[in-house]
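Structure first, then comments.
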Amino acid sequence: MLAVMLNSMGGREAVGRAAGRRLPSVGQARRPPRAYRYTPGPSLPHPPMAELPDKRTQFIDWYLAVVEEAGLSDKRYGVKGMNVWTPYGFRARRNLDSVMVREIEATGSQAVEFPALIPETEFAKEKEHIQGFDSEVYWVTKGGSSPLDVNLVLRPTSETAMYPVFALWVRSHQDLPLNVYQIVNTFRYETKTTRPFLRVREIHFFEEHTCQVDEAAATARVASNLAAFARMAEAFALPFLAVRRPDWDKFAGAYYSIALDIPLGGGRTLQIGSVHHYRENFSGPYGIRYEAVDGSSRLVQQTTFGLSERLLGAILAVHGDRKGAVFPRAVAPFEVVVIPVPSSSAGDLPQRTAGEVAERLARHGLRVHLDAGPERPGAKYYHWELLGVPLRLEVGAREAAARTVTAVTRLGLKSSLPMDGLEEQVVAALAGFDRALAERALAEFRSAFALATSLDELRDSAVVRQLGWCGREECGHRIEEAVDGGLLGVPEGKPPVEAPLPGTCIVCGRTDGVRWALAGRPL
RNA sequence: GGGACUGUGGGGUAGCUUGGUCCAUCCUUCGGGGUUCGGGACUCCGAGACGCCAGUUCAAAUCUGGCCAGUCCCA
């Protein structure tokens, strides 16, 4: 793993500084974040207060500003697409991973870890696969100064690393199903502009690979993966679509691919994961066979399930707002921040009480941070809102006198919680926050789709279009041309816009085999 | 893969056309002190940069070349 947690940096809880760059600190003095100015120009004598670009009209500027200002990733590392995970960003990632691990292991999958280097000879065994990845792999061709006899590929994904070994592991039907996953870094020589979390060259990758006894079992595994992802997405308050990609857009080597897509507004979409059915496309070339109950030798049927830190980008993109990041409880680096509100007459009472509150909540198992820094409370409010903490607790003289704390969620819901039973009240407030966040996201999700009945409607569309498609490739390409994007494919299950089945293909007007399909512009 | 552009303290910038005014401007930031503190305080003192390597020149942030990095457009 190249991701290294920065620790033992000296100073009391000083996790806020790395490599000379000021990071959002966790345990030390805070200052208001510097003003963000998104239109280049001469400095003003009095710069405006920190203000983010408008999310709707300048999405990518807004996104980059949030990632930078909230200190989630440091993109100043000198290699394109390879960014540094900061202490704060790493906390989010670890929480994200733990949800993925929890849900995939609930389906009986086991963690493994395969090497990062793959011999060219293995990499080349599946023809479509190598064609799909040929242009974006990193090669290791030398050991020291000597050229290698067999060049090595730095894994862009791990099929070709795992499957030769699977062939050794799988002997009998009793070895099946084989369900294993790993969370590792993979490498792709991305040529487009890279973006923190959304498009990187070193990918923090979750990949499950399975071998099944037959086609029906593999199909069931695909369904199980989709269900597991639905549970993850619920934890992230992230509405999504499972869409079967058209043949020309499936994963290199797959029999079919189901993509997990989210709308980003403005007709744009983001693929945050995928589940693939390989059938025997890989088990053939790699010789993954088993002896069946009847004594015959058969090839296994394979599936994979892939996710990455794009999920983190998606969470930022979907939930973030004009004040900055908004994290659902499951991924929030801190679920609660406690802020003492000093006053001249109260002495150290606010600090003391805030400390006690933080300690009680931490003992209750919550990820809590006490911001005891010297800044004024208002500055701290803005700071932690930018960083996306779900719940803020304010403790001042008023609260101390009334035996309460003031609670404000990141969505602005304010309440007064009694000190007695505070732990339960805080947990309830967090649950309420998650629900409100999910509702807000769902409302946005619903408004991101609309039906289209003619190709003209696809042009310059500000929503993702749901349309009738006959399934023919030539019609698909006409659709892609019209939206200036992609035919995402046919949604699994109910389409986003509830409507009776379409009568005709939007392109050719044919009536046979017509289904709802989605078209948008992938980010 | 092809093309265009850019690189000045931690972040953002002025200066570059016409080399000398620059031991480099301003805001922010960072360190220290003091007064403050219920939604981004103020003040005093201090710190920090011309992407890298060559070249031209009496003199280079400024001109030239190569490299590295980044951004945008096209395939």
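Per chain, numbering begins at 1; letters A, B, ... match sequence-line order.
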How many Å lie between [atom1] on [X] and [atom2] on [N], as a whole number?
X        : N     : atom1 : atom2 : result
A/Leu64  : B/C72 : CG    : P     : 9 Å
A/Leu386 : B/G39 : CG    : C1'   : 15 Å
A/Glu68  : B/G11 : CD    : P     : 8 Å
A/Arg195 : B/C72 : CZ    : P     : 5 Å
A/Asp371 : B/G39 : CG    : C1'   : 14 Å
A/Lys80  : B/A69 : NZ    : C1'   : 10 Å
A/Gln351 : B/G38 : CD    : C1'   : 14 Å
A/Lys75  : B/G12 : NZ    : P     : 9 Å

Report the base-pairing partner of [N] (Watson-Crick or G-U wobble, both distances below 3.5 angstrom), or none.
N     : answer
B/G1  : B/C74
B/G38 : none
B/G65 : B/C53
B/A59 : none
B/U21 : none
B/C30 : B/G46

Reading 5' to 3' through nucleotides 43-50 of chain B, protein heavy-atom contacts under 4.0 Å coded B for base, S for sugar-phosphate only, - for none | --------

Think A/Arg376 has a side-chain N or O under 4.0 angstrom from the OP1 or OP2 of B/G40?
-> no

State whether A/Thr406 places a side-chain N or O below 4.0 Å from either non-bridging phosphate oxygen (OP1 or OP2) of B/G38.
-> no

Spacing of A/Arg188 atom CZ and A/Thr186 atom OG1 [to the nearest 0.5 Å] = 5.0 Å

Atom CG of A/Leu198 and atom CG of A/Leu264: how far apart are they, to the nearest 0.5 Å?
-> 8.0 Å

Given the [atom1] atoms of [N] and [M], what is the spacing between them in whole Å?
N     : M     : atom1 : value
B/U62 : B/U21 : C1'   : 14 Å
B/G39 : B/C22 : P     : 45 Å
B/C52 : B/G12 : C1'   : 23 Å
B/C16 : B/U6  : C1'   : 13 Å
B/G15 : B/U36 : P     : 43 Å
B/U64 : B/C26 : P     : 29 Å
B/C68 : B/G51 : C1'   : 8 Å
B/G11 : B/C74 : P     : 30 Å

Look at the aromatic rings of A/Trp85 and A/Phe197 and report parallel, tilted or perpendicular, splitting at 30° and 60°.
-> tilted

For the residue pair A/Tyr189 and A/Tyr138, does the interplanar ring angle fall in the parallel (under 30°), tilted (30 to 60°) or perpendicular (over 60°) class?
-> perpendicular

Closest-nucleotide 5' rank along RNA chain B - winner of A/Lys192 and A/Gly81 = A/Gly81

Minimum side-chain heavy-atom gap A/Glu126-A/Glu159 below 4.5 Å = no

Please check if atom CZ in A/Arg367 has more than 12 non-hydrogen atoms from other residues, nucleotides or ligands closer than 6.0 Å.
-> yes

Look at atom CG of A/Asp460 and say whether more than 12 heavy atoms of other residues, nucleotides or ligands are closer to it than 6.0 Å.
-> no

Remember a base hit wins even if backbone is also touched, and classify A/Thr191 as base, sugar-phosphate or nothing at under 4.0 Å, heavy atoms.
-> nothing

So what does A/Arg392 touch, heavy atoms closer than 4.0 Å: a base, only the sugar-phosphate, or nothing?
-> base

If you go through the side-chain atoms of [X], does one of them form a donor-acceptor pair with the base of [N] closer than 3.5 Å?
X        : N     : answer
A/Glu385 : B/G39 : yes
A/Arg76  : B/G70 : no
A/Glu399 : B/G38 : yes

Would you check if the distance from the ring center of A/His319 to the ring center of A/Phe236 is below 6.0 Å?
-> no

Does A/Glu444 come within less than 4.0 Å of A/Arg440, counting only side-chain N to carboxylate O?
-> no

Measure from NZ or CZ of A/Arg201 to the centre of the six-membered ring of A/Phe187 and say whether it is under 6.0 Å with the direction within 45° of the ring axis.
-> no

Under the criteria of a ring-centre distance below 5.5 Å and an interplanar angle below 30°, is A/Tyr382 stacked with the base of B/G40?
-> yes

